[in-house]
Amino acid sequence: MKERNWLTWLTVLSLVVGFVAMGTGIWLSYEAVRVSRAKDKVDEELYITQKQSQATESSLKRQNSKLAAANSSLKTENQRLKENNLGLKNAAQKLPEKAEAAGMNLWVKEKKGKHTLLVKVDNETGQTERNLLILLIPGTSEATLNNLPKLFPVNGAKPQYVYVKKVPVGSSSISLNVANDNSDLAFFFKNNQENYWFKGSHGRSDKIGSYSHFAKTLSQIGLNAGKLKVTKIKK
C-alpha cells in the first residue's frame, strides 16, 4: 500500500514537472518570438531611418551642388560686371580727356618777316592748361607721334621748340623764330588729370600718359624734358 502511494506521488510529481516544463517552454518560445519580432521591428525602423538619412544626405548634396554652381555663376557674373564697370569708368574718364584735347588748338596767325611766326593759341577747355611744348616741323613733313623720331633723329639737329608753363583760358599768342617759313606746328600739353597729350598734323590727338612717358618721348627726339627753356605767352 505504501509503495502504491509512493508511486502515485511520483507520477503526480512527474506530471507537475512536465506541465511546468511545458509551460516554461511555451513561455520561452513566446518570449523568443516576441523578442524576435521586436528585433525585426527595430531592424526595420533602423533600415527606414538609414534610408531616410541617405535620402536626406543625397538631397543635401544635390542642394549643395546647386548652391556651389549658383555661387560660381554669381562670381562669374560679378567679375563680368566688374570688368564692364571698369571699362565704362575708363571710357568715362577718356571722354573728358578727349574733349579737353579737342579744346587745345594753335595755328599760325601771321608771318612777321621771313623768320618769325605769330602763333595763336586757343585754349577752349575752360581751365588753365600746362606744359605746352610747341615743335616746329620742317618743310611739308607730316607730324605724328610715331614718326617724330624719324623727323628728329637723336644724332641729328634738335627740333626748334617753344615751351610754355601755363596756358590761360581763351586766346593767347606767341612769337616763334623759324629757320624755314614753311614750318608746320605740333605740340604737347599736360591736362588736369596729369596726363600728357600730343597733337600733330590734321588735329589728330594722341594720349601719351604720365610725365615719365612724356620724358621718354622727348628723349627719342633729342630733348631733355627737365631742361626745357621756358617762354612766356602773351594774352
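Only a predicted model underlies this, so the values are computations on that prediction, with no experimental measurement involved.
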| query | Checking side chain to side chain contact (heavy atoms under 4.5 Å, CB included) for the pair Ser210/Glu194: CA distance, chi angles, key distance, verdict? | reply | CA-CA 7 Å; Ser210 65; Glu194 301 295 318; over 6 Å; no
[atom1]/[X] to [atom2]/[Y] distance, rounded to the nearest 0.5 angstrom?
{"X": "Tyr211", "Y": "Leu218", "atom1": "OH", "atom2": "CG", "value": "8.0 Å"}
{"X": "Tyr196", "Y": "Ser212", "atom1": "OH", "atom2": "OG", "value": "10.0 Å"}
{"X": "Gln193", "Y": "Lys207", "atom1": "CD", "atom2": "NZ", "value": "8.0 Å"}
{"X": "His213", "Y": "Ile208", "atom1": "NE2", "atom2": "CD1", "value": "10.0 Å"}
{"X": "Ser175", "Y": "Leu117", "atom1": "OG", "atom2": "CG", "value": "9.0 Å"}
{"X": "Tyr163", "Y": "Lys229", "atom1": "OH", "atom2": "NZ", "value": "14.5 Å"}

| Looking at residues at least two apart in the chain, or sitting in another chain, which of them share a salt bridge (Lys or Arg N to Asp or Glu O under 4.0 Å) with Lys199? | none
So does [Y] get a backbone contact from the side chain of [X], meaning a donor-acceptor N/O pair under 3.5 Å?
{"X": "Tyr161", "Y": "Leu228", "result": "no"}
{"X": "Asp184", "Y": "Ile137", "result": "no"}
{"X": "Asn64", "Y": "Ala68", "result": "no"}
{"X": "Thr56", "Y": "Gln52", "result": "yes"}
{"X": "Ser219", "Y": "Lys216", "result": "yes"}

| note | Those residues at least two apart in sequence (or on a different chain) that pass side chain to side chain donor-acceptor pair (under 3.5 Å) with Ser171 are Asp122
| message | Looking only at the aromatic ring of each residue, does the gap between the centers of Phe214 and Phe188 stay below 6.0 angstrom? | response |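 Close enough - the centres of the two rings lie under 6.0 Å apart.
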| Considering the options Val162, Leu185, Leu136, which one meets the side chain to side chain contact (heavy atoms under 4.5 Å, CB included) requirement together with Val119? |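 Of Val162, Leu185, Leu136, side chain to side chain contact (heavy atoms under 4.5 Å, CB included) with Val119 is met by Leu185 alone.
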| Test side chain to side chain contact (heavy atoms under 4.5 Å, CB included) applied to Glu129 and Val164, Val169, Val121, Asn123, the passing residue |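 Of Val164, Val169, Val121, Asn123, side chain to side chain contact (heavy atoms under 4.5 Å, CB included) with Glu129 is met by Asn123 alone.
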What is the minimum heavy-atom distance between [X] and [Y], and which atoms define it?
{"X": "Ile174", "Y": "Lys232", "value": "CD1-O, 4.1 Å"}
{"X": "Thr125", "Y": "Glu100", "value": "CG2-O, 3.2 Å"}
{"X": "Phe187", "Y": "Met104", "value": "CZ-O, 3.4 Å"}
{"X": "Ala186", "Y": "Gly200", "value": "CB-CA, 4.1 Å"}
{"X": "Pro159", "Y": "Ile221", "value": "CD-O, 3.3 Å"}
{"X": "Phe198", "Y": "Leu145", "value": "CE2-N, 3.4 Å"}

| task | Carefully, step by step, assess Lys165 and Asn131 under the rule side chain to side chain contact (heavy atoms under 4.5 Å, CB included). | result | CA-CA 5 Å; Lys165 276 286 190 181; Asn131 297 9; 4.0 Å; yes
Table please: side-chain donor-acceptor pairs of residues 147-157 below 3.5 Å, with sequence neighbours left out.
| from | atom 1 | to | atom 2 | distance (Å) |
| --- | --- | --- | --- | --- |
| Asn147 | OD1 | Thr144 | N | 2.9 |
| Asn147 | OD1 | Thr144 | OG1 | 3.0 |
| Asn147 | ND2 | Glu142 | O | 2.6 |

| task | Measure the shortest side-chain to side-chain distance between Ile134 and Leu132 over non-hydrogen atoms and say whether it is less than 4.5 angstrom. | result | yes
| said: With no hydrogens and no angle check, just 3.5 Å: does a side-chain donor-acceptor pair link Thr49 and Glu45? | reply: no
